[in-house]
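Comments concern the structure below.
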Amino acid sequence: MRIGVLTSGGDCPGLNAVIRSVVHRGIADHEDEIVGIEDGFLGLIEGRSRRLTLEDVQGLLTRGGTILGSARVPPEKLRDAVTSRAAELAAALGIDALIAVGGEGTQTAAQLLWENGLPVVGVPKTIDNDIDGTDVTFGFDTAVHVATEAIDRLKTTAESHQRVMVVELMGRHTGWITLEAGMAGGAHGILIPEKPFDIEAVCQMIEERFARGKKFAIVAVAEGAHPAPGTMNYEQGATDAFGHRRFTGIGNRLSMELEHWLGKESRPVILGHTQRGGTPTALDRVLATRFGWHAVEAVHAGDYGQMVALRGTEIHRLPIAEAVARLKTVPEYRWREAEAVL
Ligand code: F6P
């Protein structure tokens with residue numbers, strides 16, 4: 001078979017490991033031809049692709065980013081292309097099936113492609129870990145490691161200067177990275193979008209900590225976290241061309257508020273895209289490799305319109321539409337557990 005593979009949306013450590021795995025499994029075990037589509041759906045629409053050989057994927061297991069490139073495409077442009085020209089796009093690239101590696105937006109587009117005549121198998125990806133259909137996505141573990149290391153490092157400098165450090169971590173709609181890195185790093189405040197925070201309660205927690213003789217505090221805040229209504233003035237920004245809300249910097253804002261109300265020095269640290277760059281952890285390499293392997297198997301089984309997913313320790317397939325029907329948010333019992341260790 002001639003199988004296309006594309007990586008779409010924000011990049012994430014482990015994408016290259018999926019590509020490598022698809023090429024290995026496809027070529028070595030099924031004598032497939034693998035076609036790498038450049039820059040995600042943009043390359044699909046514009047017909048930009050190249051054949052991938054075993055040599056092309058040498059050394060990819062450890063490499064962050066994606067050798068195919070990725071791009072965000074405005075939703076209307078994507079919807080138009082995938083609904084009216086799906087079969088035509090596949091024919092132009094000469095592919096029998098497509099493996100689409102990406103987050104919720106990518107999987108929704110993949111579902112549309114399948115409904116409109118292009119056989120697709122989805123592979124879930126996002127450092128945010130917010131895809132409901134899978135226990136975990138690759139890239140998440142790496143992001144948590146990077147964020148945890150940052151918190152560990154901030155503790156010593158915070159203590160030297162008796163400061164409150166506010167670490168802003170990625171997570172637009174969900175606080176998984178902040179929750180897990182906050183717990184692993186022993187942050188004293190963990191603020192996530194799922195649970196609007198009360199600035200007074202955060203100040204009180206820090207004051208009590210200093211009153212106990214502690215010399216610093218670390219607050220981990222997700223970029224999408226926001227104050228409870230009526231507790232602190234903070235407006236999130238408008239929506240951009242890709243349907244993403246622009247954040248106005250909760251880390252900076254919170255740090256200024258804490259400094260003002262506590263009368264203690266505070267510094268914001270915005271970790272940003274460092275959480276998405278660099279080599280994947282061992283766990284992410286293994287998960288990405290397994291997803292690639294199973295995606296090729298799904299193509300050969302004719303299981304189109306399905307997404308591979310981790311459930312417990314096994315890889316399953318489930319309908320894409322079902323997998324992305326809702327966001328996987330942090331449930332209350334998880335943030336309650338985090339509170340218990342503060
Ligand atoms: O969805 C993954 C993610 O890393 C979010 O955590 C973050 O808000 C967003 O992508 C950043 O996107 P961009 O790279 O387009 O700025």
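Side chains are part of it too, since the values below use all heavy atoms of this structure and drop only hydrogens, waters and symmetry mates. Counting starts at 1 for both ligands and their atoms, following the listed order.
Judged as a side chain to side chain donor-acceptor pair (under 3.5 Å), and not counting sequence neighbours, Arg311 has no contacts.
Between Lys155 and Glu159, none of the side-chain N atoms (NZ, or NE/NH1/NH2) sits under 4.0 Å from a carboxylate O, so this pair counts as no salt bridge.
Distances between N or O atoms of Arg276 and those of ligand 1 include at least one value under 3.5 Å.
Protein heavy atom at the shortest distance from atom 8 (O) of ligand 1 is Glu223 OE2, 2.5 Å. Here the heavy atom of the protein found nearest to atom 1 (O) of ligand 1 is Asp128 OD2, 3.3 Å. Protein heavy atom at the shortest distance from atom 12 (O) of ligand 1 is Arg72 NH2, 2.9 Å. If you check which protein heavy atom lies closest to atom 16 (O) of ligand 1, you get His273 NE2, 3.3 Å.
Proximity to Ile127 (heavy-atom distance under 4.0 Å) selects the following atoms of ligand 1: 4 (O). Counting the atoms of ligand 1 from 1 in the order shown, those under 4.0 Å from a heavy atom of Gly171 are 6 (O).
Distances from ligand 1 to the non-hydrogen atoms of Gln275 include no value under 4.0 Å. Under a 4.0 angstrom heavy-atom cut-off, Gly103 registers as lying outside contact with ligand 1.
Shown are Leu52, Val23, Ile95, Asp32; of these, the side-chain contact (heavy atoms from CB on, under 4.5 Å) with Ile3 is made only by Asp32.
For Lys328 (side chain) and Asp135 (main-chain N/O), a donor-acceptor pair under 3.5 Å exists by modelled atom type. Asp96 places no side-chain N or O within donor-acceptor distance of the main-chain N or O of Met1, the cut-off being under 3.5 Å. A side-chain donor-acceptor contact under 3.5 Å links Tyr304 to the backbone of Val299.
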